[in-house]
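Structure record follows, encoded as structure tokens.
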Amino acid sequence: MKSNAKSATGFFAAVWRVVAQIPFGRVASYGQIASMLGNPRAARTVGWALHSLPEGTDVPWHRVINARGRISMDCGEHSPELQRLLLLQEGVMFDDKGYINLQLFQWRPEIDDSFPAAY
DNA sequence: ACAATGACATAAG
DNA sequence: GCTTATGCCATTG
């Protein structure tokens, strides 16, 4: 069986659920999501959950980046430039080095609204 | 149950 | 700041 949603246990579903809650124009790190799930060290599993996303998913996987505010390692199938474009479409800005200003764009459940660009 | 994998995180050089 | 090495966790074969 392919590693599809049905094969995934609650953890994957939990990851997708959390990612789906990331508001427009915001980004979250793998470790952050893992922490929300109660496993701050399970960042790798979070990344893997996103890699196992079904094709027709509604999960904004592109809003998930690494802790440094940068797009994660570009593996063959995954296109980092695609993720960058998707984020740019949402108003997330990258600096010359490809970094995102986490101070402005990192998702905080406490705030959860306020468009960062309005800063 | 064991070994290997992976879109990460952190520490050290 | 970038590269390399180690650790952590859940899933898969």
Side-chain angles (χ1 to χ4, degrees):
Chain A
M1 295 292 282
K2 294 177 171 184
S3 5
N4 278 335
K6 296 175 183 173
S7 303
T9 59
F11 199 91
F12 275 34
V15 172
W16 304 333
R17 189 183 67 173
V18 173
V19 174
Q21 292 171 42
I22 303 175
F24 183 92
R26 293 282 182 145
V27 295
S29 66
Y30 300 91
Q32 181 181 351
I33 295 171
S35 298
M36 293 178 185
L37 299 178
N39 298 305
R41 304 297 191 228
R44 305 205 66 168
T45 313
V46 173
W48 204 1
L50 295 179
H51 190 214
S52 297
L53 276 170
E55 296 182 7
T57 184
D58 296 334
V59 177
W61 57 268
H62 52 272
R63 291 178 188 152
V64 185
I65 56 179
N66 61 10
R68 295 180 183 170
R70 210 176 193 190
I71 300 196
S72 33
M73 37 166 89
D74 44 310
C75 24
E77 305 302 318
H78 164 246
S79 303
E81 55 182 283
L82 173 62
Q83 184 169 6
R84 192 182 74 179
L85 290 174
L86 288 170
L87 289 172
L88 287 172
Q89 288 181 16
E90 300 196 346
V92 178
M93 300 186 217
F94 292 77
D95 64 14
D96 296 339
K97 297 179 183 176
Y99 285 91
I100 298 174
N101 188 333
L102 294 176
Q103 189 174 261
L104 292 178
F105 297 107
Q106 186 168 48
W107 174 41
R108 286 192 173 183
E110 299 177 343
I111 299 178
D112 95 20
D113 79 304
S114 307
F115 195 65
Y119 184 86

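Letters go in sequence order (proteins before strands), and every chain restarts at 1.
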[X]: partners by side chain to side chain contact (heavy atoms under 4.5 Å, CB included), with sequence neighbours left out:
X: Leu85(A); result: Leu88(A)
X: Asp95(A); result: Lys97(A), Tyr99(A)
X: Arg17(A); result: Gln21(A)
X: Ser35(A); result: Pro40(A)

With a 4.0 Å cut-off (strictly under) to non-hydrogen atoms of chain A, the first and last hit nts on DNA chain B, 5' to 3', are dT5(B) to dT10(B)
In Val19(A), Val15(A), Val18(A), the residue satisfying side chain to side chain contact (heavy atoms under 4.5 Å, CB included) with Val59(A) is Val19(A)
Between [N] ([atom2]) and [X] ([atom1]): distance, integer Å:
X: Met36(A); N: dA10(C); atom1: CE; atom2: P; value: 18 Å
X: Tyr30(A); N: dC8(C); atom1: OH; atom2: C1'; value: 17 Å
X: Leu37(A); N: dC9(C); atom1: CG; atom2: C1'; value: 12 Å

Sorted by chain and residue number, the salt bridge (Lys or Arg N to Asp or Glu O under 4.0 Å) partners of Arg63(A) (sequence neighbours excluded) come out as Glu90(A)
For Asn66(A) and Ser72(A) the tightest heavy-atom approach is ND2-CA, 4.2 Å
The correct set of residues in residues 40-50 of chain A placing a heavy atom under 4.0 Å from DNA chain C is Arg41(A), Ala42(A), Arg44(A), Thr45(A), Trp48(A)
Heteroatom pairs (N/O) under 3.5 angstrom, protein to nucleotides 2-4 of chain C:
residue	atom	partner	partner atom	Å
dC2(C)	OP2	Tyr99(A)	OH	2.9

Item to check | Test item: Arg26(A) side-chain N/O and Gln106(A) main-chain N/O as donor-acceptor pair under 3.5 Å | outcome: yes
dist Trp107(A):CH2 -> Ile22(A):CD1 (nearest 0.5 Å) comes out at 6.0 Å
Are Leu53(A) and Phe12(A) side-chain neighbours, meaning at least one heavy-atom pair lies under 4.5 Å? no
